[in-house]
Structures are given as structure tokens and as C-alpha cells.
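What follows is one structure encoded as C-alpha cells, with my remarks underneath.
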2 protein chains.
Amino acid sequence: MAVTIRDVARQAQVSVSTVSRALSAPGLVKETTRQRVLDVVAGLGYQPNRAARSLITGRTGNLGIVVPDLENPFYPAVLRGVQTRAGEAGTSVFFCDSREGPETEAELVRTMAAQVDGVVLCSPLQSDEVIAELADLTPLVLINRTVPGVSSVLMDSGSGMDQIITHLESLGHKDYVYLGGPATAWSHQRRLQGLRDRAPMLGPFEPNFTGGLTAAQEALKTGATAFIAYNDLMALGVLSHLAEQNIKVPAQISVTGFDNIIYAAMCSPALTTVAMPTEEAGKVAVDLLAARLEGAPPESRELPTKLVIRASTRNIRC
Amino acid sequence: MAVTIRDVARQAQVSVSTVSRALSAPGLVKETTRQRVLDVVAGLGYQPNRAARSLITGRTGNLGIVVPDLENPFYPAVLRGVQTRAGEAGTSVFFCDSREGPETEAELVRTMAAQVDGVVLCSPLQSDEVIAELADLTPLVLINRTVPGVSSVLMDSGSGMDQIITHLESLGHKDYVYLGGPATAWSHQRRLQGLRDRAPMLGPFEPNFTGGLTAAQEALKTGATAFIAYNDLMALGVLSHLAEQNIKVPAQISVTGFDNIIYAAMCSPALTTVAMPTEEAGKVAVDLLAARLEGAPPESRELPTKLVIRASTRNIRC
DNA sequence: CTGAAAGCGCTAACAC
DNA sequence: GTGTTAGCGCTTTCAG
């Protein structure tokens, strides 16, 4: 059997409560005794039993995150941020991939709720009602989605779209088209708002490579000189289809994405895209969750985005 | 406060032990009472408190996985497999990214050990000794690594290398070079074995895009007609460098990778590579872990790999 | 087949 | 400052 708090107490010649206090409320115990306890703890390699602790405190010291698609590098990046910040606080993170399934998403949160102190929900596809219900079950922080009364961290998609269009127009493009993502995705709606009817929207398409393949076909029919993809994965699909059709990017058509996933810099031509503060968003989400656990009211934070100009966009006159 | 087993017992007019049995040892209770209990459970929405349960059983019902680099799509794929199989068993999974840091890796396993029933360790860079020590701490399953006395699931890298070379030679290549990965990586060693000195090795290089950039530079000096990259990420870097140098792939040089990450099909030219049964490996790892928990001895399983021929390799005479 | 009771390891009143 | 004690919610003997 593992070493328990009693073993430590016995060897340090104090009571179990003193050991407990020395460990979790250092201020309440005399420095010398505390040191003695700590020495014994180190000597015995004592590790408090989390189950016992959480049984009594009601806290698990864990947090959960559910993402819609781990194959989209956008989410691993968020995950890293969450892990980093959570790790600093000694919190472990449960992870789940909902595979773009709204019901799965809700189900996963419900399952997690029982064993975490709170969950981070990335780009949920659920209705506001369901999300509000989930937030009722466990402290919730949304990423890229707002629901009244629920904390969230947003990445400014609207401004990102604005930056893309400004860039495109500065290159002389007048005829561009937006290749839309899932209608229920908050990011998509925000990008649409940023578009302000300055370009027609096609779609919705699946927010992945395959979706981009399809989107490119439709977009070609419009005669537009620039394609604005909902995200990088889709843009990669667009690039691939255009390459296959022997259409030169950016000579004939300019293409932009969203997210700045690592492959955006690796493909050719390298993709002009909007960088999202993914890792930062993960960290902020953990902070917001921590605040909620301390009793703070729900809060929303919006992080800035920034256009990254690479090789997939070019002056129309060239 | 949440509903407890006592609430259920009271309402179902049975003792708590009967409720407990109805839930976790259905055979020990009369069918009719069991049904009554189950009805009450459903009605009240009772969920057993995991902390209390694990305090007494010593099991957490969780498992952990640590991967070296979540940005390499290879690992999200493994993660998915793990999640899928674990989910079927009602097990949750803790996740951690060691960012290619051997000490971090060990530290993460130690931290996890306290709160999981076992951990899956992907492509560890640690020494056999450290891994054996970790395996002593908690049931361990290795992916892409063998250590005596520890369960592992392997993907047949040697055969993959063999398939690549056979393919290359069938295309008339005689002069090819292997761009090596981290010397401590088991996969790298296995690939080297598969090479059987039929080609020189360069490197080691970092197993990522940047590493590929560097590797391509060195490889070009050799005058080889085909570059075999340690993995796809590296191959992507190679492709990128060659494109930049205006060297045509596969017309002038053929390039192959390993892993068949999703981007291998998305880049241009699409990459000839060795498909790894990543998701399957994740599932098998969970199975092996479950077996160990049941008291089975350590076991190793090797999964087959398969060459996927795409557009980055071509007959040397074309 | 079912119930009573004894803890699992820890924290948090409550005393001193 | 420190010790004593009563549980947290559950499983598991042990009786019946």
C-alpha cells in the first residue's frame, strides 16, 4: 500500500491534521514543524491521495477540454495553451475530440462534468440553449463562441476578415468571394459580419481539406480573382484543386485562409492568412475558468488577430 | 448537493449496499429489485461519485497518454484511437504533450501516475532504465518503442523502409539517401535497420519541417536522385526547400516520407509515404493496458505498415 | 438475495 | 499552534 498521511504524521511526531495543514495551508503551522513534516514527506515520498482529498473538498483538480476536430492543427495549438497554463496550476487536463458532432459534444461535456472542476469548450456547434444547460452542469468557458451568461474567449474574426479585404483591395482585387464554413459556427458568422456584404458568400462547405476541394470548383464558376477561405484547411483544399486544374496561384487567382496553422507556411505557395492567438486563447480560457471557480462572474475576452501576408496573394495586375 | 447512493436507496426502499450491487455487480441482486433500483437511478439522475469509488477500489477509471509533439498530426491520430477505445470502456483520458523533452516526458508520467490506472507513452526518448522505472510506477504501454518487460505496440518501420527502397529501385533509382531522425528515437533505429546499409544516412535532423529544410540542403550536396525522409513533416520541409531552389519533384528528385499524415496527401506534389496504423495503434495500446490491469503479463504487438504511392516519386528515366 | 457496519485517506470543524 | 474527531460517498466483508 502507498504511504498515507498517518505514516507521515507518525514519523514526524505530529497529528495528521498538522501534516494536512503543513501541506495545504502552510500559514497555519509553525515553521519548524512544517519543515520537519516536509522532510518526512520527502523522505517517504508521500503523495496525497487525490481521491480522498477530492471526496472531501469536492474539487478534483482536473479540467476538461473538448475540441471538434483534433486533425485541424488549430485545436492542438489551443490544447497546448490549456495544458501549459493548467500545468502551472498543478491541474491535469482531460481531453476529448467530438469529431464535429454536436450531440457527441454535449455528451462529452456531461460525462466530463462528473470528474473535472470545469471544462473548456472549443468552437461548439450546439445551440445556445444546450450550451447554457451544460454551463449549468459545470463551470464552462467557451472558445470562439458567445452565449449569454457563459465565459468566453474570442479571437477577433471580424477584424481578420477586414484585414484580408483591405489587403486584397490594396492589391487591386475587386471581385472576391468568401467560401463559407458551417452555418452554425460562430467564427463563420463573425467572418461574415466582417465581410459586410462586400463579397458574395458560397457554401457552406465542410471546414476541411475536402470542403476546400468542393469550394474551389464552385468558386471558379464565379470568375472571382480572389478566394477567401473560411479556414486554412479549406484553403489548402482550394490550393490543391487549383494546382490540379493548372491554375496558377497567385498569378491567376489569390487565395487566403484563416487560422495560420503550421501548414499554412509549409504549403506552396505559402498561404496568406489570418493568425489566430490559439495558444494564448487556451491559456486565457484556463484563467477564466480559474476565476469562475473563485466565484468571479462570467467574463468575455477578445484576443486580436493579425494578417500574415505570404505568397498566395498578389497584385491583380501582375 | 448532488444525489447520493443513500437517496437512491431510500427511494427504492433498499439498502445502500443493494444499490451498489445493482450498479456494479448486477448478478448479485434479484432482477426485480435491480430494475427498481435502476428506475430510481434514472429518475433521480444519480451518478456515482468517482472519488468515493476510487478511494475504496483504488482504481481511477482514467488513463493517461503523453506524446512528444502534438503538432505532428501523427500523434493526434494516435490520440483519437486511444480516446475511441477508452470511451467504449467508460474510461477518460488525460493528455499531455512533452514537447520533445525527455525529462518533461518522465515528469509528466510521474505526475499522471497518481491519478490514472495506467499510461500510454508515445515514442519516448528516454533511456530504457528510466522507462523501466516509470513502468514500475504505473502500468505502462509504449508506442513505437520496446523496453524489456514493458508492453508495447509497434508499427513495422523496418518493413516500411523496405517497401520504400523496393519502390525506388523499381523506378530505377540507385542513388538515394536517408535523412535521419533523432538518434534516440526507436523508429529511427528501426528504419535504419530496414535500410540495411543500402543507402547512406545523413543527419540526425529534427523530426519536423525545419529539420527537413536543413536536411534538403545537405542531401542536395550528395547528388542523390531520391531523398528518403525520416518522417512526413521532414519530407514537407524537403519539398519546400526544393521548390524554393526551383528543383522539380519528382522530375529531378524523388522524395518519400513516413507516417502518411493528412498533409502528405494535401501538399504538392502529394507525398509517397509509408502509412502507419496510428489510430489502430492507439486502440491496441488501450487494449494492452486493460490486459495489464487484469493481471496479464507485458506483451508486444507489431502492426503492419503500407507504402502509399503518390506523386513525389517517379521513374528516374522520365 | 439483502442489510448493517466498517472503513478507504483525507480535510475541516471544534477543542485545547 | 496543534490534536481529536467526524464524516465525504462509496464498496465490501460479514451476518442473516
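A, B, ... follow the sequence lines: proteins, then strands. Residue 1 opens every chain.
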For [Y], is there an ion pair with [X] - N to carboxylate O distance below 4.0 angstrom?
X: B/R85; Y: B/D287; answer: yes
X: B/R34; Y: B/D39; answer: no
X: B/R301; Y: B/E299; answer: yes
X: A/D117; Y: A/R292; answer: no

Under the salt bridge (Lys or Arg N to Asp or Glu O under 4.0 Å) definition, can you give me all pairs with a residue in residues 128-152 of chain B, not counting sequence neighbours?
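Listed once each, the pairs are B/R110-B/E133, B/D128-B/R145.
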Here's a test of your reading of the structure: between B/A52 and B/T18, which maps to the more 5' nucleotide of DNA chain C?
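Closer to the 5' end of DNA chain C: B/T18.
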Return whichever of B/I56 or B/Q13 has its heavy-atom-nearest nucleotide of DNA chain C closer to the 5' end.
B/Q13
Axis-to-axis angle across the helix from C/dC1-D/dG16 to C/dC16-D/dG1, five pairs an end, to 10 degrees?
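So the angle between the two local helix axes works out to 30°.
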Can a side chain N or O of A/S17 be found less than 4.0 Å away from OP1 or OP2 on D/dG3?
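It does not, given that no N or O in the side chain of A/S17 lies less than 4.0 Å from OP1 or OP2 of D/dG3.
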Would you say the side chain of B/L70 lies within less than 4.5 Å of the side chain of B/L79, judging by non-hydrogen atoms?
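In contact.
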Between [N] atom [atom2] and [X] atom [atom1], what is the distance in whole Å?
X: B/K30; N: C/dG3; atom1: NZ; atom2: C1'; answer: 14 Å
X: B/Q35; N: C/dC1; atom1: CD; atom2: C1'; answer: 17 Å
X: B/R59; N: D/dT12; atom1: CZ; atom2: C1'; answer: 16 Å
X: A/D7; N: C/dC8; atom1: CG; atom2: P; answer: 12 Å
X: A/L55; N: D/dC10; atom1: CG; atom2: P; answer: 9 Å
X: B/R34; N: C/dC1; atom1: CZ; atom2: C1'; answer: 14 Å
X: A/R53; N: D/dG9; atom1: CZ; atom2: P; answer: 18 Å
X: B/E31; N: C/dT2; atom1: CD; atom2: C1'; answer: 16 Å

Tell whether B/R50 reaches the base of D/dG9 with its side chain through a donor-acceptor pair below 3.5 angstrom.
no
Quick check for you: among [options], whose closest atom lies nearest to any side-chain atom of [X]?
X: A/V16; options: D/dC10, C/dA13, C/dT11; result: C/dT11
X: A/I5; options: D/dC10, C/dT11, C/dA5; result: C/dT11
X: B/R21; options: C/dA12, C/dC10, D/dC14; result: D/dC14
X: B/S15; options: C/dG3, D/dC10, C/dC10; result: C/dG3
X: A/N49; options: D/dT11, C/dC10, D/dT2; result: C/dC10
X: A/T33; options: D/dC10, D/dT2, C/dG3; result: D/dT2

Non-neighbouring partners of A/T33 that pass side chain to side chain contact (heavy atoms under 4.5 Å, CB included), sequence neighbours left out
A/V14, A/V29, A/K30, A/R36
Would the distance check show the side chain of B/E105 and the main-chain N or O of B/L125 forming a donor-acceptor pair, the cut-off being under 3.5 Å?
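The answer is yes, because a donor-acceptor pair under 3.5 Å joins these two groups.
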